[in-house]
Amino acid sequence: MALNLDEQPRSLHVLRASIAVLAAAWLAFLVSTVTGTASDVALLGTPVADWLYAGLLLGAGMICLARALVDQPERAVWTAFAIGLTLWSFGDIWWLAFLADGGEAPYPSIADALWLSSYVPMAYGIWRLISVRVGWQALGPAAWLDGAIAALTGSALFAATVLAGPIAAALEGEPMVFATNLAYPIGDLLLLGSVLAALSAMGWRPGRAIGLIAAGLLLRAVADFAYLNQVTLGTYTGGVLDTAWPAASLLVAAAACVSARGARREPDWRTFIAPATFVALSLALLVVDHFDRLPSSAVMLAGVAIAVAAARLGSMVHTTLAINERRALTDPLTGLSNRRALTRDLTRALEDSRAGQRFVFALFDLDGFKRYNDNFGHPAGDSLLVRLGARLVAAAEPGGAYRIGGDEFCVLISDRGDAQERLARASAALTEAGEGFQITAARGSVSIPGETTDPELAMQLADRRMYAA
């Protein structure tokens, strides 16, 4: 069985050496393109620079495949990226072999089918990467809304700038050519939106791998939008723009050359500044449109981005209130419900008792805990409380378990004829013994509504009975 890449440093060094070689080859490709010598040398009637272009894309896919072979936990992630990048390179190979010198190419062509099919495995790779590195539970509504805001704002900016001419030209020219070429930036934005959602869940502080993938997708989106602009207006001549696609693929491949680490972080000011920046850009577009009319698509996208931002604000307020409420009702050490939550639940139980339901409330006080703290120290005492609290939660299910201060715990359970047995399990859960210590729990219980219908009186009765025990 293959080991995780972190356990195979030699494999990591080989991958980094490989990406360094490809980066040097890309730099040579860039220099030859800028100096105009890219087509001076030909192989099989095709400029060597074109084969180098396709080779860079294929090499990026091979690096991701190599990562998949040595990294068992993330094998599906890097296999998907390898397939996506390889399909993209096959599209270029097909174009060079059959369409580059064959006159006017059909739209869509087999090369387009290969290029566009690469988005499916790339999307799956991103989905798997988020599952492993971030966790889908972290991607709540706020994270997805942040990704949508960023993608919509980017689309609005492109629609207001590089797409303004192509849209007008498409209405008068070849709509199929425009639609085929438009499919690429749309695919880029969908992938980028997913990655941006992950970035939001990480507090906009990505790990190196996800950051490199985001940079690669962003570069490819910019290149595809620029290509769409030029090819629709008939001004595309290749040049430096052609170096962007292999550079984007190499950035994704570079993500396969870094160690796997979880990337989830606690939110800070960046959680709010990033979506605020995107909203400000959308508002700026609407202001510009007031003085100098922009394409209606740009205005519509900017408006939708602001509407999504309003939903994001509502989600943020709801989340903040929920977090504050949870903190107000939770014991910070053990994670159990606290005294305030107990008062609320006792009141509800008494209301339900009027409908015929019966409950038992029990209060526990730990015997021997002070001596344990004195002998082993307060950190050890805190750890003991956490362990006992976790056991009490399991013993009280489906009822509630609470810590109401110090070494006092309590449970509120429904009485279905087995209350005493469940209370015995709760007492056992709060018992622990070892070398030099023994922890037990004194208990006092009250039947609701048999003995009282007042929450304060219930707590007083249980307290007196506990101390009597």
Side-chain angles (χ1 to χ4, degrees), residues 137 140 317-370 372 381-432 439-469:
Q137 293 180 347
V317 172
H318 178 270
T319 301
T320 301
L321 292 176
I323 291 174
N324 290 337
E325 181 180 4
R326 184 168 62 251
R327 289 176 176 173
L329 298 174
T330 303
D331 173 56
L333 175 63
T334 62
L336 273 65
S337 298
N338 61 11
R339 181 181 290 273
R340 180 179 294 182
L342 172 64
T343 303
R344 178 200 62 186
D345 294 345
L346 268 176
T347 302
R348 291 176 179 175
L350 290 167
E351 292 175 354
D352 293 339
S353 69
R354 299 189 184 101
Q357 296 189 45
R358 294 182 302 165
F359 300 87
V360 173
F361 168 68
L363 185 62
F364 301 85
D365 185 83
L366 299 183
D367 293 329
F369 180 71
K370 183 179 183 303
Y372 184 93
D382 289 345
S383 298
L384 175 67
L385 292 175
V386 171
R387 290 198 305 274
L388 297 180
R391 295 176 196 165
L392 185 63
V393 169
E397 288 182 348
Y402 310 81
R403 178 181 179 234
I404 57 175
D407 57 353
E408 290 189 344
F409 294 84
C410 54
V411 295
L412 179 62
I413 58 177
S414 59
D415 187 358
R416 297 172 297 186
D418 61 345
Q420 293 306 313
E421 179 183 347
R422 294 171 66 192
L423 288 179
R425 290 202 301 267
S427 295
L430 294 175
T431 301
E432 185 170 313
I439 304 296
T440 58
R443 183 182 80 209
S445 60
V446 177
S447 176
I448 299 173
E451 294 183 283
T452 181
T453 57
D454 180 80
E456 289 297 326
L457 182 58
M459 295 183 69
Q460 291 174 11
L461 283 173
D463 188 64
R464 286 201 298 268
R465 291 170 181 177
M466 179 190 69
Y467 279 104

Novice: Evaluate Leu346 against Met459 for side chain to side chain contact (heavy atoms under 4.5 Å, CB included), listing each step before the verdict.
Specialist: CA-CA 9 Å; Leu346 268 176; Met459 295 183 69; 3.7 Å; yes
Novice: Is there side-chain contact between Arg340 and Thr343, with heavy atoms separated by less than 4.5 Å?
Specialist: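 Arg340 does not reach Thr343 side chain to side chain.
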Novice: Is the number of heavy atoms from other residues, nucleotides or ligands within 6.0 Å of CZ (Arg391) greater than 12?
Specialist: yes
Novice: For Leu333 and Val386, work out which heavy atoms get closest and say how close.
Specialist: O-CG2, 3.6 Å
Novice: Side chains of Arg358 and Pro449: does their closest heavy-atom pair fall under 4.5 Å?
Specialist: yes
Novice: At their closest point, which heavy atom of Leu363 faces which heavy atom of Ala462, and how far apart are they?
Specialist: CB-CB, 4.0 Å
Novice: To the nearest 0.5 Å, what is the distance between CD1 on Ile439 and CZ on Arg387?
Specialist: 9.5 Å
Novice: Can you name the nearest heavy-atom pair linking Arg465 to Ser445, along with the distance?
Specialist: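 The answer is NH1-O, 2.8 Å.
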Novice: Holding to side-chain contact (heavy atoms from CB on, under 4.5 Å), I want the full list of residues that pass it with Ala441, two or more places apart in sequence or in another chain.
Specialist: Phe364, Leu366, Leu430
Novice: Provide the closest heavy-atom pair for Ile404 versus Arg339 in the form atom of the first, atom of the second, distance.
Specialist: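 Scanning both residues, the minimum pair turns out to be O-NH2, 3.7 Å.
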Novice: Checking Phe369 now: which residues fulfil ring-ring contact (aromatic ring centres under 6.0 Å, His included) with it, not counting sequence neighbours?
Specialist: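 With sequence neighbours excluded, Phe369 shows a ring-ring contact (aromatic ring centres under 6.0 Å, His included) to no residue whatsoever.
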Novice: So, Ser427 and Arg443: side-chain donor and acceptor under 3.5 Å apart, yes or no?
Specialist: yes
Novice: Side chain of Arg425, backbone of Ala396: donor and acceptor closer than 3.5 Å?
Specialist: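 No, because the side chain of Arg425 does not come within donor-acceptor range (under 3.5 Å) of the backbone of Ala396.
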Novice: Would Gln460 and Asp463 count as a side chain to side chain contact (heavy atoms under 4.5 Å, CB included) here? Give the steps.
Specialist: CA-CA 5 Å; Gln460 291 174 11; Asp463 188 64; 5.6 Å; no
Novice: Closest heavy-atom contact between Cys410 and Phe361?
Specialist: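 Minimum heavy-atom separation between Cys410 and Phe361: CB-CE1, 3.7 Å.
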Novice: Does the side chain of Pro332 come within less than 4.5 Å of Arg403's, by heavy atoms?
Specialist: no
Novice: Give the intermediate values and the outcome of side chain to side chain contact (heavy atoms under 4.5 Å, CB included) for residues Leu423 and Ile413.
Specialist: CA-CA 9 Å; Leu423 288 179; Ile413 58 177; 4.0 Å; yes
Novice: Can you measure from CG (Asp367) to OG1 (Thr431) and round to the nearest 0.5 angstrom?
Specialist: 9.5 Å
Novice: So which heavy atom on Tyr402 is nearest to which on Asn338, and how close?
Specialist: CD2-O, 3.9 Å
Novice: Quick one: pull up CG in Leu392 and CD in Glu397 and give me the separation to the nearest 0.5 Å.
Specialist: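 The CD atom of Glu397 is 10.5 Å from CG of Leu392, to the nearest 0.5 Å.
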Novice: Rounded to the nearest 0.5 Å, what's the gap from CG on Leu329 to CG on Leu342? Could you check?
Specialist: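 Result: 11.0 Å between the selected atoms.
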